[in-house]
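Naming: A, B, ... by sequence-line order, numbering from 1 per chain. Keep in mind the model is a prediction, meaning the values are calculated, not measured.
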Amino acid sequence: MTNFLARRLILVVVMAFVVSFASFALLNAAPGGPLEQLIALQSTTRRPDPDEVERVMKRYDLDLGMGVRFLRWLIGHPRGPIVIGGQELFTNFQIGCLKEGKARLVYPDGRVEEINCAKPVYLRDLADRPVSNGVLALDFGRSQQLAREQPVAELILLRLGPTLQLMGISTFLAIALSIPIGVYSAVKQYSRFDYFFTALTFFGSGMPTLFTGVMGILVFALLFKEAGLPYLPSGLAESNRDAVVPLLGTIKAGSLADRVWHLILPVTVLTFFNLAGWTRFIRSSMLEVMRQDYVRTARAKGLIESMVVMKHALRNALIPFVTLLAGVLPTLFGGAIITESVFSWPGIGKLFINALVASDYPVAIAYLLISTFLTLLGFLMSDILYTVVDPRIRLS
Amino acid sequence: MASTTATASTARIAPSKALVRRSEGQWSIVFRRFRRHRLAMISLALLALIFVASLAAPILAPFPRDAVGLAPRFSPPLTIHEGKLHVLGTDHVGRDFFTRLLYAARITLTVSFFVATLATLIGMTLGALAGYFRGIVDGIVMRILEFMASIPEFPVLLIITSILVTDPKLLPIPRFVLDFMGTLMLLSPVGNERAQVVVLIAVLTVFGWTGAARLMRGMVMSVRERDFIEAARSLGASNAFIILRHVVPNAFPPLVVTYTLSLAGALTSETALSFLGVGITDPTPTWGNMLQFATNFMLTNSWVPLIPGIPVVLCSLAFNFVGDGLRDALDPRLKM
């Protein structure tokens with residue numbers, strides 16, 4: 001077990017490194033960076049101002065070599081000459097180039113050197129530059145487009161609440177509903193109940209949330225409002241001003257009732273989608289278990305049916321369900337990108353999409369890194385949970 | 001039933017119809033079982049209809065694809081403007097909805113088809129190689145699969161697509177591919193239109209092959225230990241022959257099902273990406289970006305999202321139903 005965990009943790013670290021490296025590469029390959037924008041902005045009116053270009057390059061470390069940039073992005077270092085015992089080392093170590101071209105360097109001892117850089121950047125130049133604390137310390141730098149210069153972590157924290165609400169409630173509902181429905185469908189296989197829910201889950205998993213969300217808005221927000229029925233809001237997490245709803249009365253903007261009222265539609269759409277998949281999963285897993293010998297034995301020794309189902313069958317049927325829950329962890333944080341977009345929900349998924357559309361890659365990459373980490377953590381947790389719920393499984 | 005399946009050769013060999021009962025081929029059994037699945041048959045017919053309509057888009061479409069201001073914006077369905085009928089009305093810049101829907105069907109279905117086909121072929125090949133040869137090949141393929149499984153797929157897909165679609169030059173695409181795809185989907189050679197679509201196909205394929213590979217690998221590993229493989233090998237059959245003639249056909253039924261389901265998956269992915277604004281962008285019509293614009297205006301024109309929305313959900317459900325029907329037909333034991 002310890003051995004297994006150690007190996008798994010190493011894998012997590014390796015994966016995290018690979019993904020952060022890949023993210024950094026993406027960040028740099030991404031079009032529409034600060035420099036390109038500056039050039040695009042200026043070339044419409046005048047030629048790019050060289051001073052301005054240099055300023056932007058310094059601000060975003062664009063003049064540094066890739067390795068140095070990666071280190072500064074990952075751990076927030078180097079921040080200047082390396083100091084060991086009061087001695088500054090490598091102050092004149094060239095780490096980048098601000099301006100391309102040829103330059104002649106004449107050293108005090110008379111040595112002359114030609115270098116391929118008109119304005120080299122040395123390690124000592126980094127001392128007066130702003131730098132983040134590094135991605136490892138959860139400092140993802142500053143937003144470039146959505147909210148200029150605001151730290152990415154702040155942007156994410158601001159939106160964590162709505163996402164946790166939406167995802168937490170819908171995930172809880174989906175689990176709480178899918179287990180009884182799946183079990184009952186399996187126990188009463190081919191009953192009317194079973195057919196109804198099998199058909200429903202089939203539609204649920206076949207219909208994209210995109211469509212169910214839009215249709216939900218169309219019916220419950222627009223048509224209901226027109227028909228004078230108690231309608232639901234079409235988006236956002238709370239209203240800007242008090243709303244008067246037929247039968248329900250006035251709903252004060254920002255009150256608890258208002259927030260619950262806004263949650264109903266997106267929660268329903270998400271729950272329906274998850275419910276569909278999970279119910280099918282539990283149903284088939286339960287059907288499989290009900291055929292096992294020990295279930296027959298339990299029946300043969302005269303146990304009442306509810307005991308057989310709940311104690312003998314259900315417990316074993318839920319084991320594979322644990323792995324499925326591993327996938328829930330990253331979505332609790334990351335939100336449902338499509339649903340949040342459809343309902344303009346001010347959550348993290350919507351932030352991610354806004355960042356992508358606006359080419360604000362620091363924000364997008366932060367989202368990606370946290371999601372990846374949580375995905376890995378989810379897998380690790382499901383592995384451990386597996387051994388807890390099923391003592392037959394030993395990790396080695 | 002048997003008469004419909006009689007082939008020329010069996011008819012020649014059979015001396016007396018009374019004595020020899022013609023054996024029914026595997027695929028005709030499958031087809032017979034499939035036909036009993038009513039929803040799957042309806043779905044298949046519907047898909048065929050949409051497919052043919054999209055093939056005939058240039059003939060059926062009453063207006064040019066991107067022509068704007070044909071009628072006042074958001075003219076409702078069945079509007080007649082300047083003596084011309086707009087069957088499904090017009091969009092937010094007065095383009096004909098029916099015309100754009102047809103062209104969008106052509107693009108969306110082609111993208112889904114290529115993504116599902118390429119992903120399944122790649123997955124099949126890699127899975128078969130990994131399962132058959134084990135060793136290093138298996139190690140590499142499994143590591144890639146593990147890697148793909150432990151990244152959050154949809155966000156990564158979104159970020160890569162958004163980068164590549166914004167700047168298609170990052171992914172060099174051979175000219176003939178662009179020309180071929182452009183002709184197939186009636187895309188204009190001017191601008192980024194063709195590159196965008198090809199990039200989307202490429203990215204979705206890269207993220208789509210893992211399911212088929214895992215399935216194929218498992219199937220091959222269970223089949224390769226069987227006696228008939230041993231027999232074939234002892235008769236001197238080459239690896240390639242064994243894989244193509246014995247292993248692949250045995251692993252085929254579940255692959256057909258996953259193929260159909262991955263068509264639905266590719267369709268919804270493409271729609272979602274274009275809806276979110278990181279996939280194929282306006283003016284190139286796809287159901288996804290039409291839906292995006294429709295939702296922007298739905299508070300004032302509530303009927304608009306139905307026009308691109310209904311084809312999306314019909315196709316998605318239809319692919320799922322066909323997959324379900326095929327699953328029942330190919331292997332009754334797998335029936336849900």
Side-chain angles (χ1 to χ4, degrees), chain A residues 11-12 15 18-19 22-23 26-27 29-32 36 198 202-203 205-215 217-219 221-223 226 234-235 280 283-284 287 327 330-331 334 336-338 341-342 349 352-353 355-357 359 361 364-365 367-368 370-372 374-376 378-379, chain B residues 39 43 146-147 149-156 158-170 261 264-265 267-269 271-273 275-278 287-288 291-292 294-295 298-306 308-310 312-321 323-324 334 336:
Chain A
L11 182 74
V12 170
M15 274 292 297
V18 170
V19 169
S23 307
L26 277 182
L27 200 58
E36 274 177 45
T198 308
F202 198 87
F203 278 97
S205 53
M207 277 199 279
T209 47
L210 189 60
F211 182 78
T212 38
V214 172
M215 286 306 115
I217 295 176
L218 182 65
V219 174
L222 304 178
L223 295 184
E226 248 167 67
S234 62
R280 292 177 98 182
R283 177 177 176 270
S284 60
L287 280 176
T331 60
I337 296 171
I338 296 171
S341 298
V342 170
F352 178 62
I353 278 300
L356 281 187
V357 173
S359 299
Y361 288 99
I365 294 289
Y367 176 94
L368 192 64
I370 300 178
S371 297
T372 310
L374 289 176
T375 311
L376 291 169
F379 278 124
Chain B
L39 268 174
S43 302
E146 265 171 33
F147 180 79
S150 51
I151 52 174
E153 195 184 315
F154 193 55
V156 176
L158 280 174
I159 210 164
I160 292 181
T161 322
S162 94
I163 288 175
L164 289 179
V165 163
T166 322
D167 190 2
K169 282 191 291 294
L170 288 171
L261 296 181
L267 182 107
T268 34
S269 301
T271 311
L273 288 175
F275 174 82
L276 293 170
V278 296
W287 294 338
L291 198 56
Q292 182 197 17
T295 49
M298 72 184 290
L299 292 183
T300 41
N301 300 276
S302 50
W303 57 274
V304 177
L306 288 173
I310 286 175
V312 172
V313 80
L314 280 183
C315 278
S316 168
L317 281 176
F319 280 132
N320 273 295
F321 280 128
D324 200 47
L334 290 175
M336 288 282 290

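- A pairwise comparison of heavy atoms in A:Ser234 and B:Leu299 identifies OG-CD2, 3.9 Å as the closest pair.
- Of all the heavy atoms in B:Val313 and A:Pro208, the pair that sits closest is CG2-CD, 4.3 Å.
- To the nearest 0.5 Å, the span separating CG on B:Leu273 from CD1 on A:Ile338 amounts to 8.0 Å.
- The residue among B:Leu317, B:Ile151, B:Thr268 with the most heavy atom pairs within less than 4.5 Å of chain A is B:Leu317.
- In this structure, the portions of A:Ser371 lying under 4.5 Å from any heavy atom of chain B include both its backbone and its side chain.
- Between A:Phe211 atom CZ and B:Leu291 atom CG the span is 8.5 Å, to the nearest 0.5 Å.
- Minimum interatomic distance between B:Gly277 and A:Val357 (heavy atoms only, all atoms of both residues): O-CG2, 4.5 Å.
- A perpendicular orientation is assigned to the rings of A:Phe203 and B:Phe321, their planes being inclined by more than 60° (bins at 30° and 60°).
- Only the side chain of A:Leu222 comes within less than 4.5 Å of a heavy atom in chain B; its backbone stays farther off.
- Residue A:Thr372 touches chain B through both its backbone and its side chain, counting heavy-atom pairs closer than 4.5 Å.
- Contact of B:Val156 with chain A is made through backbone and side chain together, with heavy-atom distances under 4.5 Å.
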Can you check side-chain contact (heavy atoms from CB on, under 4.5 Å) on B:Thr271 and A:Leu210, steps first, answer last? CA-CA 9 Å; B:Thr271 311; A:Leu210 189 60; 3.7 Å; yes

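- For the pair B:Ile159 and A:Ala364, the tightest heavy-atom approach, listed with the atom from each and the gap, is CD1-CB, 3.7 Å.
- Two residues are said to be in side-chain contact when any heavy atoms from C-beta on lie closer than 4.5 Å; A:Ile337 and B:Pro155 meet this criterion.
- Within the 4.5 angstrom heavy-atom criterion, atoms from both the backbone and the side chain of B:Phe147 approach chain A.
- Of the possible polar contacts, one joining the B:Ser316 side chain to the A:Gly206 backbone as a donor-acceptor pair under 3.5 Å is found.
- Ranked by heavy-atom pairs under 4.5 Å with chain B, the first of A:Thr331, A:Thr375, A:Thr209, A:Leu376 is A:Thr375.
- If you measure heavy-atom distances from B:Ala272 to chain A, the contacts under 4.5 Å come from both the backbone and the side chain.
- For B:Glu153, there are no side chain to side chain donor-acceptor pair (under 3.5 Å) partners at least two apart in sequence or on another chain.
- Going from atom CZ of B:Phe275 over to atom CD1 of A:Ile353 covers 10.0 Å, rounded to the nearest 0.5 Å.
- At a 4.5 Å heavy-atom cutoff, the contact between A:Met207 and chain B is made by backbone and side-chain atoms alike.
- With rounding to the nearest 0.5 angstrom, the OG atom of B:Ser162 is 7.5 Å from the CZ atom of A:Phe352.
- Chain A forms more heavy-atom pairs under 4.5 Å with one residue of B:Leu158, B:Leu164, B:Val312, B:Thr295 than with any other, namely B:Leu158.
- When heavy atoms are compared at a cutoff of 4.5 Å, A:Val214 approaches chain B by way of both its backbone and its side chain.
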